[in-house]
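The structure appears right after this line, and notes come after that.
Below, each value reflects all heavy atoms present in this structure, side chains not excepted, and no hydrogens, waters or symmetry copies. Lettering of chains follows the sequences in order, A, B, ..., and the numbering in each one begins at 1. Nothing here was measured: the structure is a model prediction, and the numbers come from that model.
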There are 2 protein chains.
Amino acid sequence: MDQPARKVLIADDEPDIREFLQYNLSAEGYEVFTAKDGDEALEKAKRIQPDLIVLDVMMPKKSGVEVCQLLRSQSAFKDTIIVMLTALNDDGSHIKGLENGADDYIGKPISPKVLVSRINALFRRLSKPKTTVLNVGTISINPEQYIVSVDGKEISLAKKEFELLYLLAHRPGRVFLRNEILNQVWGNEVIVGDRTIDVHIRKIRQKLGVDCITTVKGVGYKFEL
Amino acid sequence: MDQPARKVLIADDEPDIREFLQYNLSAEGYEVFTAKDGDEALEKAKRIQPDLIVLDVMMPKKSGVEVCQLLRSQSAFKDTIIVMLTALNDDGSHIKGLENGADDYIGKPISPKVLVSRINALFRRLSKPKTTVLNVGTISINPEQYIVSVDGKEISLAKKEFELLYLLAHRPGRVFLRNEILNQVWGNEVIVGDRTIDVHIRKIRQKLGVDCITTVKGVGYKFEL
DNA sequence: TGCAGAGTTAATAATAACTTAATATTTAAA
DNA sequence: TTTAAATATTAAGTTATTATTAACTCTGCA
């Protein structure tokens, strides 16, 4: 059985362009969704969680640049590939796009071949392996089931606890600074006190019953058995 | 409303009839495509993969009957609903159509109401999820009839309830995010509130009487016994 | 026409998750 | 050894998320 098809969301107000992209990317095996303005793009992006989003710079409701900014401010889209679609003559806009977190830009008009190869290249370059089951010693962490088992015994962790443990455990031995932890688990928009991390660490230690998280005083925490 | 809009392909050589059908079926929420002869019908059917095809019996290039035969010989169209469109006076042709794999026939002329209700009825009757019976522990889930049995006792679920349960149960243990659930069960075109999921989950739990759906707070739901 | 069921929403209640604050303990440097 | 800084622990306070219920719409159907 092969992977689920990669999902691509196309946002452009011109039906011709939507159809052009949709046709060519579908033929390439991508699962394609479309939106006709900025608001719809945001709404669908949230729902569909696409792997790649193509945003026309000029769109009704919200411009591609705005949409890009809004998406990038949400941690759910930190790994989503965003491509801006610009008319070749509107010179500065692609730069603006890149500054706002886009991964690439494509100028209109574009040939089907170039389009497809650019998109393929982006996936090759940027797509990260999906999260998988983590096995460290006797501990197994399964993000798909949101379950942690120790010696075969299943232990349920709350969301933040789970994410924190996963972060630490996916690179055993490496020390994570408190800042890093806050960024990865809480996101950089959220502000919480430092004690919050401690409390979560404590709960994990308590629930797992195994001493696998080491404090590195003045620095952070690391996972090791 | 459910799923992305259903696609209907209309093949008839008379522009008036095409427009009549297109207008009435579009108004009903279907996504309508048209073709004006048999060859075009075949070509578009392949490209569009419609859920339902209306074929006029008398068409240039290839007759509806021929098109029907050709489509049915391809596995990609084995589940496509095919309706033949016949003039009332040409008596034997609908029988020929049915012999050749059509699911129904509609006589011309036809009123908009009747047309729409016939098409709707066909979808209700024929477009079933063609998936297999699922057995998980003491629970057995039968997609053919939207029936679930627990300890041999049959319980009937509504469509959405069933689809939701089926989604969760076909991968026991795996957590489905609310987004995923919305996508899979409601389709990405439909916008419904988050509480809707809860209500359906509740009904399933209530009807089954077995605690098999676990809430993963802040994440989603999973099926497990 | 009105009933029945499916589906949705909205309002409120319940609960689990998360955060904070206060206090205790540990750690490492002076 | 002392001391200050950092972390651990605990309990309590807040918030966010889900559960529940009831009402409302829509559609099909007797």
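Contact of the A:Phe162 side chain with the A:Pro143 side chain is registered, since non-hydrogen atoms from C-beta on lie closer than 4.5 Å. Taking the side chain as every heavy atom from C-beta outward, A:Leu165 and A:Val148 approach each other to under 4.5 Å.
Between the NE2 atom of A:His200 and the P atom of D:dT10 there is a distance of 16 Å, rounded to whole Å. We find that CG of B:Asp211 is positioned 13 Å from C1' of D:dA19, with the value rounded to whole Å. Atom C1' of nucleotide D:dT10 and atom CZ of A:Arg202 are separated by 8 Å, given to the nearest angstrom. Whole-Å rounding puts the B:Arg195 CZ to C:dA14 P distance at 16 Å. Rounded to whole angstrom, the span from the CD1 atom of A:Ile201 across to the C1' atom of C:dT26 amounts to 16 Å. Summarising the geometry, the separation between CD on A:Glu161 and C1' on C:dT19 is reported as 13 Å, rounded to the nearest angstrom. C:dG7 atom C1' lies 16 Å from atom CD1 of B:Ile191, rounded to whole Å. The CZ-P distance, from B:Phe162 to C:dA6, rounds to 14 Å in whole Å.
Nearest-nucleotide assignment on DNA chain D puts the 5′-proximal partner with A:Lys203, out of A:Lys159 and A:Lys203. Along DNA chain C, the nucleotide nearest to B:Val192 and the one nearest to A:Ala158 differ in position, and the one closer to the 5' end is contacted by B:Val192. Nearer to the 5' terminus of DNA chain C, by closest-nucleotide assignment, is the contact made by B:Lys207 (compared with the other of B:Lys207 and A:Lys207).
Phosphate contact (OP1/OP2 of C:dG7, side-chain N/O of B:Trp186, threshold under 4.0 Å): absent. Close to D:dT17, at under 4.0 Å from its OP1 or OP2, lies no side-chain N or O of B:Thr215. Between B:Arg205 and D:dA19 there is a side-chain polar atom (N or O) within less than 4.0 angstrom of OP1 or OP2. Using a 4.0 Å cut-off, no side-chain N or O of B:Arg178 falls inside it from OP1 or OP2 of D:dT17.
Taking 4.0 Å as the cut-off between side-chain N and carboxylate O, A:Asp194 and A:Arg178 count as a salt-bridged pair.
Residue A:Tyr221 is in sugar-phosphate contact alone, with no base atom involved, counting any heavy-atom pair closer than 4.0 Å across all strands shown. Counting any heavy atom pair closer than 4.0 Å across all strands shown, A:Thr196 reaches a base atom. A:Lys160 comes within 4.0 angstrom of the backbone, heavy atoms only, and of no base.
With hydrogens and angles ignored, the 3.5 Å screen pairs no side-chain donor or acceptor of B:Ser140 with any backbone N or O of B:Ser149.
With hydrogens and angles ignored, no donor-acceptor pair under 3.5 angstrom links the side chain of A:Lys217 to the base of D:dT7.
Relative orientation of the A:His170 and A:Phe176 rings is tilted, given thresholds of 30° and 60° on the angle between their planes.
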